[in-house]
Amino acid sequence: MITQKFFNGSKLIPLLSISFTYMCLIVPVVPGSILRFRSGSPSFNIALFADLHFGEDAWTDWGPLQDANSSRLISTVLSYENPDLVVYLGDVITANNIPISNASLYWDQAISPTKAKGIPWATVFGNHDDAPFSWPIDWFSSIGIPPRRCRDDVTSCSGSKEDEECEFRGTQRLELMKKEIENSKLSQSRNGPKNLWPSVSNYYIQITPSSQQDLEPPPVIMNMYFLDSGGGSYPQVISSAQVEWLRQTTQHLNPHFRVPEIVFWHIPSGAYEDVAPLSNHSIQKPCVGSINMEKVAAQQADFGIMSLLEQRPSVKAVFVGHNHGLDWCCPHKTKLWLCFARHSGYGGYGDWPRGARIIQITHQPFSLKSWIRMEDGQLHSEIILSTP
């Protein structure tokens, strides 16, 4: 039974029954999940895997090889870091390259190394995850037609037999999230309120200490918010409805800013352009990182997300992917750090060495740190994002 309450005017009402109206929307508040520090562990570590791009060029020899390389990278980083949580930070798959209707097969492949180690994970969507299938031009040449476009037991794409398997319609966000949640209790992902646009990966996770499990509710060390920044079947934005949902959720969970907060989405906001290192190919202090090889590819518009975060001193950092050639963290206004993850996948553009951003949360005293773990085991770009 959920005992959390939400303050609405002058009374407390049960969490599951509440909703708020915004711009003619009825948006319910959806409960998040709670994760705890391991018993005896001084820290809670998170590994971010961004832009894996499973399923790219799936009809070639190159594509499956890159997927195998990406799986190897995930397993390698997990072995080095042994994190408490994995965050898949968007573009898990390249749906516009996947010529089958069930793109969740590739989604499952990306998650399988984490699942095999019994580590909880959370996902957000990127611009490629539910993009419509794009017909490759080489398919129309005499030597480019792939030997099979449908599943194994389908011999013809004409007629009525298994027509659905040959539509190349991809698998949209709701289907991908539904199958992920149903297939494993380790998934911490959530659909989020249905009336938001984009509507799927908008949710929160709270982290609590292991030593006080008997307290109800347990003390919270960190609130983590996950947002769908669009792309694919949506414009590349965080909508005003999502901003209002986050405003209401943060006010409910952390009205006095006492609990540190971090935020995850895929496509950087325009604020990332404002703080980006000025010199191409180099990173100057106070920014910290190792590659600055392209310009920030920001969302199409900002409908208030950065204004909301700037007003909350409890928000310490935002983490995004999308730009494969950027891995820096830079400060924005009042000690809010804007960070890129490291390009983790062998799919997607760019041939920079692959790695993953690691986040470390410690308790008593509190601190928030981050670094990059490379596939070859090297560490670099360590940074302290927050202290008491």
Side-chain angles (χ1 to χ4, degrees), residues 46-58 66-67 70 73-74 86-98 103-111 114 121-134 170-180 187-192 196-203 224-239 242 263-270 272 294 296-301 305 318-327 338-350 354 356-357:
I46 304 168
L48 307 186
F49 295 115
D51 300 280
L52 292 164
H53 287 277
F54 275 76
E56 193 160 291
D57 285 358
Q66 304 317 303
D67 290 348
S70 297
L73 175 135
I74 297 171
V86 167
V87 173
Y88 288 89
L89 202 54
D91 283 0
V92 179
I93 60 175
T94 303
N96 42 294
N97 266 203
I98 298 175
S104 62
L105 295 174
Y106 289 94
W107 192 272
D108 293 343
Q109 187 178 349
I111 289 171
T114 302
W121 72 83
T123 55
V124 295
F125 287 99
N127 51 300
H128 283 281
D129 288 314
D130 73 344
F133 179 73
S134 300
T171 307
Q172 294 186 337
R173 276 170 164 81
L174 283 171
E175 297 172 90
L176 288 167
M177 185 65 83
K178 181 175 184 290
K179 291 183 178 181
E180 176 193 322
S187 172
Q188 307 300 306
S189 305
R190 296 290 186 272
N191 281 324
L196 298 186
W197 314 297
S199 62
V200 186
S201 53
N202 303 282
Y203 57 98
M224 303 188 297
Y225 305 102
F226 300 79
L227 293 169
D228 189 334
S229 57
S233 57
Y234 292 95
Q236 295 185 12
V237 298
I238 294 174
S239 70
Q242 290 172 281
V263 189
F264 302 90
W265 65 71
H266 179 70
I267 304 174
S269 64
Y272 276 76
E294 57 181 324
V296 174
Q299 297 171 28
Q300 294 171 252
I305 184 61
V318 178
F319 300 92
V320 303
H322 194 56
N323 278 102
H324 301 182
L326 303 175
D327 77 348
L338 302 183
C339 295
F340 280 97
R342 181 77 182 206
H343 180 206
S344 304
Y346 278 79
Y349 70 90
R354 275 70 172 181
R357 178 169 291 282

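Below, all heavy atoms of this structure are taken into account, side chains as well, without hydrogens, waters or symmetry copies. Positions are given from 1 along the sequence. Just so we're clear, the structure is a prediction, and the values are computed from it rather than from any experiment.
- Residues forming a salt bridge (charged side-chain N to carboxylate O under 4.0 Å, His left out) with D67 (at least two apart in sequence, or on another chain): none.
- Among residues two or more places apart in sequence or in another chain, the side chain to side chain contact (heavy atoms under 4.5 Å, CB included) test is passed with D108 by N183.
- Not a single salt bridge (charged side-chain N to carboxylate O under 4.0 Å, His left out) links D51 to another residue, sequence neighbours left out.
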Discussion item. I'd like to know whether L176 forms a side chain to side chain contact (heavy atoms under 4.5 Å, CB included) with T123, so could you lay out the CA-CA distance, the side-chain angles of the two residues, the decisive distance to 0.1 Å, and finally the verdict.
Written reply: CA-CA 10 Å; L176 288 167; T123 55; over 6 Å; no

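- Annotation: side chain to side chain donor-acceptor pair (under 3.5 Å) contacts of R354 (sequence neighbours excluded): none.
- Contact between S229 and H266 at its shortest, heavy atoms only, is OG-N, 3.3 Å.
- A search for side chain to side chain contact (heavy atoms under 4.5 Å, CB included) contacts involving Q236 returns N127, I267, Q300, H322, not counting sequence neighbours.
- With rounding to the nearest 0.5 Å, the separation of CD1 in I238 from CD1 in I305 is 5.0 Å.
- Applying the side chain to side chain contact (heavy atoms under 4.5 Å, CB included) test to T94 and every residue at least two apart in sequence or in another chain returns H53, E56, N96, N97, H128.
- The two atoms that bring M177 and S189 nearest to each other are SD-CB, 3.3 Å, heavy atoms only.
- Across all their heavy atoms, R357 and C339 have their closest contact at NE-CB, 4.3 Å.
- Side chain of N202 to backbone of D228: a donor-acceptor contact under 3.5 angstrom is found.
- Not a single ring-ring contact (aromatic ring centres under 6.0 Å, His included) links W265 to another residue, sequence neighbours left out.
- The backbone N or O of A297 lies less than 3.5 Å from a partner atom in the side chain of N323, making a donor-acceptor pair.
- Partners of E180 by salt bridge (charged side-chain N to carboxylate O under 4.0 Å, His left out), not counting sequence neighbours: none found.
- By the side chain to side chain contact (heavy atoms under 4.5 Å, CB included) test, A95 is found to be paired with I93, residues two or more places apart in sequence or in another chain being considered.
- Shown here for G321 and P268, the closest heavy-atom pair between the two residues is O-CD, 4.0 Å.
- With rounding to the nearest 0.5 Å, the separation of CD in E175 from OG in S104 is 8.0 Å.
- Residue S70 comes nearest to G347 through the heavy atom pair OG-N, 4.1 Å, listed as atom of the first residue, atom of the second, then distance.
- With sequence neighbours excluded, the residues satisfying side chain to side chain donor-acceptor pair (under 3.5 Å) with S233 are D130.
- The ring-ring contact (aromatic ring centres under 6.0 Å, His included) test applied to Y203 returns F226, not counting sequence neighbours.
- Inter-residue side-chain proximity for T171 and W107 is flagged as unmet; no heavy-atom pair is nearer than 4.5 Å.
- For Y234 and S239, the side-chain atoms include no donor-acceptor pair closer than 3.5 Å.
- In this view, F340 and Y272, W328 satisfy the ring-ring contact (aromatic ring centres under 6.0 Å, His included) rule, not counting sequence neighbours.
- Side chains of E294 and L326 form a contact here, defined as non-hydrogen atoms less than 4.5 Å apart.
- Put simply, CZ on R342 and CG on L73 are 10.5 Å apart, with the number rounded to the nearest 0.5 Å.
- D91 contributes atom CG, which lies 5.5 Å from atom CG of D129 (distance to the nearest 0.5 angstrom).
- Rounded to the nearest 0.5 angstrom, F54 CZ and Q66 CD are separated by 10.5 Å.
- To the nearest 0.5 Å, atom OG of residue S201 and atom OH of residue Y88 are 15.0 Å apart.
- Residues V92 and A110 share a closest heavy-atom pair of CG1-CB, 3.5 Å.
- Considering L48, V124, V263, I46 as possible partners of F319, the one that fulfils the side-chain contact (heavy atoms from CB on, under 4.5 Å) test is L48.
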